[in-house]
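Worksheet: one structure, shown below.
Naming: A, B, ... by sequence-line order, numbering from 1 per chain. All values derive from a computational prediction rather than experimental measurement.
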2 protein chains.
Amino acid sequence: MVHGHLKPVSSRLTVQTIGRLSLYRRLLLEVSASGARQIYSHQLATAAVATPAQVRRDLMAIGFSGSPRRGYAVDDLIAAINAVLARNVETSVALVGVGNLGRAILAYFANREPWVRFTAAFDRDPDKVNRILHGCRVYPIDRAEEIIRRDGIRAAAIAVPASEAQHTADRLVLAGVRSFLNFAPVRLHVPTGTFVDDVDMTTALDRVAFYAHQPQGS
Amino acid sequence: MVHGHLKPVSSRLTVQTIGRLSLYRRLLLEVSASGARQIYSHQLATAAVATPAQVRRDLMAIGFSGSPRRGYAVDDLIAAINAVLARNVETSVALVGVGNLGRAILAYFANREPWVRFTAAFDRDPDKVNRILHGCRVYPIDRAEEIIRRDGIRAAAIAVPASEAQHTADRLVLAGVRSFLNFAPVRLHVPTGTFVDDVDMTTALDRVAFYAHQPQGS
DNA sequence: AGCTATCTGTGACTGCGTTCACAATGTGAA
DNA sequence: TTCACATTGTGAACGCAGTCACAGATAGCT
């Protein structure tokens with residue numbers, strides 16, 4: 001779930017399209033590694049569990065063209081997506097909350113997405129600070145504003161308890177963060193122009209439990 | 001992201017509504033604990049970062065009525081949502097993949113959602129099996145079909161590497177699982193009537209990185 | 001060189017989730 | 001008891017993401 005008000009970035013680059021581009025890139029990297037140099041929209045669509053028209057629309061949105069009867073050039077497409085998604089620069093992300101979940105996040109993303117790096121983590125617990133976890137240094141939460149400003153960090157993952165999430169977000173916004181990956185099972189109130197992507201495992205689990213009880217029929 | 005084709009469960013119980021009901025319930029439990037007995041749609045909407053009309057439509061979808069000038073009865077509403085979401089029974093969920101992420105999931109949900117329980121976990125690694133993690137026993141992956149069938153488990157969380165996710169899902173579907181919480185950064189091909197809720201942290205992080213670079217203006 | 005098959009690019013359309021707006025309701029105050 | 005008004009319930013309108021369907025393009029085959 002995504003919330004937070006944003007004007008469209010370009011003509012037709014919606015949040016959904018951005019998400020699918022991320023998926024396409026992952027799939028294309030595998031395709032490229034397997035040696036294929038061209039790919040059709042219907043092949044990419046199958047891999048992404050989408051429709052060919054959807055794929056073509058998404059690529060149209062980033063101004064990437066293929067050629068009839070040959071499809072899209074895989075490596076060029078990867079480069080085009082890289083240019084759009086990450087502006088070809090490494091993005092620094094802060095992590096707040098180094099509990100079970102926070103540590104799993106650091107472990108999960110270590111060496112996974114080269115264009116994104118967790119450069120600083122923060123926690124309230126004095127026992128957790130001043131360590132280095134998966135290449136990310138943990139600082140006391142009180143130094144968050146200072147370090148985020150110093151390093152020009154504009155993105156942050158929130159992995160604190162639900163009761164502290166809003167307060168944490170407020171502080172980060174003031175420090176200059178405009179884009180949140182929110183793992184807390186609450187919705188954050190943020191100013192216009194701030195992006196929030198909720199990764200709400202609680203809601204997801206409730207949904208899964210609900211549909212587990214539905215009658216088999218399609 | 002949710003995929004997998006499903007006919008509407010009831011008249012207007014969409015996937016989105018189910019998700020919001022889960023959120024409402026969490027908020028209402030806090031409200032109830034704080035002592036309030038009635039709540040207005042606009043109060044619930046503010047807490048959920050939604051609109052009053054949205055809240056009223058969702059409650060209409062589960063046939064719950066309030067009264068003008070007094071709003072909705074908090075405890076009755078919680079009970080109504082419980083009845084819809086979990087059918088008032090405990091749901092058993094299997095976990096496949098007991099790596100960093102899988103263990104974090106078990107820790108995260110231990111004692112969090114009383115109506116959902118991870119009753120069995122599976123892993124390929126012989127070193128990980130036959131332990132009990134956060135109240136959940138870990139079995140070798142080869143016993144998955146047997147145990148899922150034995151316990152009538154219909155929901156599963158997938159926390160295996162991307163390359164094994166599809167294969168894992170296929171086996172689980174054959175064993176009777178109809179509802180997936182997919183943490184692997186791929187889209188699963190599943191038969192009609194099977195539900196998949198993707199918790200794709202990779203895509204989410206890419207989105208957050210993208211919007212971190214967008215100009216401040218709303 | 002011409003022809004054909006098949007894929008891309010895109011205007012138009014569709015369906016659906018959300019929001020609007022207002023009639024109906026009934027509560028609490030005087 | 002009456003009145004006033006804040007809140008609910010919901011038909012209708014809206015907007016947008018996704019799909020359709022076809023014109024345009026081009027590579028390969030004969």
Side-chain angles (χ1 to χ4, degrees), chain A residues 1-24 28 36-74 76-77 80 187 203 207, chain B residues 1-24 28 36-74 76-77 80 187 203 207:
Chain A
M1 186 73 209
V2 167
H3 71 277
H5 329 268
L6 293 173
K7 284 181 186 159
V9 162
S10 161
S11 47
R12 295 241 155 256
L13 266 185
T14 64
V15 174
Q16 296 91 317
T17 296
I18 296 296
R20 282 189 299 265
L21 288 172
S22 163
L23 174 61
Y24 298 158
L28 289 166
R37 317 231 59 84
Q38 299 284 130
I39 190 169
Y40 297 128
S41 62
H42 68 260
Q43 295 177 301
L44 195 46
T46 300
V49 189
T51 64
Q54 178 82 81
V55 170
R56 294 200 298 272
R57 269 256 184 278
D58 288 334
L59 301 194
M60 194 171 67
I62 61 170
F64 190 85
S65 292
S67 78
R69 294 226 35 146
R70 279 212 313 203
Y72 301 93
V74 175
D76 291 355
L77 181 47
R187 308 292 293 275
T203 291
R207 271 199 294 243
Chain B
M1 186 75 209
V2 167
H3 70 278
H5 328 269
L6 293 172
K7 285 181 186 158
V9 163
S10 161
S11 48
R12 294 240 155 255
L13 265 186
T14 65
V15 174
Q16 296 91 315
T17 296
I18 296 296
R20 282 189 299 266
L21 288 172
S22 163
L23 174 61
Y24 298 157
L28 288 166
R37 316 232 60 84
Q38 299 283 131
I39 191 168
Y40 298 126
S41 62
H42 67 261
Q43 296 177 302
L44 194 46
T46 300
V49 189
T51 64
Q54 179 80 83
V55 170
R56 294 199 297 271
R57 269 256 185 281
D58 288 334
L59 302 194
M60 194 171 68
I62 60 170
F64 190 85
S65 293
S67 76
R69 293 223 36 145
R70 277 212 315 207
Y72 301 92
V74 174
D76 291 356
L77 181 48
R187 306 292 292 275
T203 291
R207 271 199 294 244

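In this structure, A/Leu13 atom CG and D/dC16 atom P are separated by 15 Å, rounded to whole Å. One interatomic measurement links the two molecules: CG of A/Asp58 to C1' of C/dT10, which rounds to 14 Å at whole-angstrom precision. Regarding B/Met60, its CE atom lies at a distance of 13 Å from the P atom of C/dG17, rounded to whole Å. In this structure, A/Asp76 atom CG and C/dT8 atom C1' are separated by 16 Å, rounded to whole Å.
The shortest heavy-atom contact between B/Gln38 and B/Arg70 is NE2-O, 3.0 Å. For B/Leu23 against A/Thr203, the heavy-atom pair with the smallest separation is N-OG1, 4.4 Å. Here the closest heavy-atom approach between residue B/Val74 and residue B/Leu28 is recorded as CG1-O, 3.8 Å.
An OP1 or OP2 oxygen of C/dG9 is reached within less than 4.0 angstrom by no side-chain nitrogen or oxygen of A/Tyr40. Between C/dC16 and B/Thr14, no contact under 4.0 Å exists linking OP1 or OP2 to a side-chain N or O. Residue A/Gln54 places at least one side-chain N or O under 4.0 Å from the OP1 or OP2 atom of D/dT19. Between A/Thr17 and the phosphate of D/dA17, there is no side-chain N or O to OP1/OP2 separation shorter than 4.0 Å.
Minimum atom distance to the side chain of B/His42 is reached by D/dT7, of the listed D/dT7, C/dT8, D/dG9. Comparing C/dT8, C/dT18, C/dG9 by their nearest atom to the side chain of B/Gln16 picks out C/dT18.
In this view, B/Tyr72 satisfies the side-chain hydrogen bond (donor to acceptor under 3.5 Å, both in side chains) rule with no residue, not counting sequence neighbours. Not counting sequence neighbours, the partners of B/Arg37 by the salt bridge (Lys or Arg N to Asp or Glu O under 4.0 Å) test are B/Asp75.
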Sugar-phosphate atoms are those with a prime plus P, OP1 and OP2; base atoms are the rest. Using that split, label each nucleotide of nucleotides 20-30 of chain D B, S or - for protein heavy atoms under 4.0 Å, 5' to 3'.
BB--BBBB---

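Each ring-ring contact (aromatic ring centres under 6.0 Å, His included) pair with one or both residues in residues 50-70 of chain A, not counting sequence neighbours, would appear here, but there are none.
Note: A/Gln16 CD to A/Arg57 CZ = 14.0 Å, rounded to the nearest 0.5 Å. From A/Ile62, atom CD1 reaches atom OG1 of A/Thr17 across 9.5 Å, with rounding to the nearest 0.5 Å.
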For a quick test of your reading: what N or O donor-acceptor pairs under 3.5 Å do the side chains of residues 41-49 of chain B make, sequence neighbours left out?
residue, atom, partner, partner atom, Å
B/Ser41, OG, B/Arg56, NH1, 3.3
B/Gln43, OE1, B/Tyr40, N, 2.8
B/Thr46, OG1, B/His42, O, 2.9

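Each end of the helix from C/dA1-D/dT30 to C/dA30-D/dT1 yields a helix axis from five base pairs, and these two axes differ in direction by 10° (to the nearest 10 degrees).
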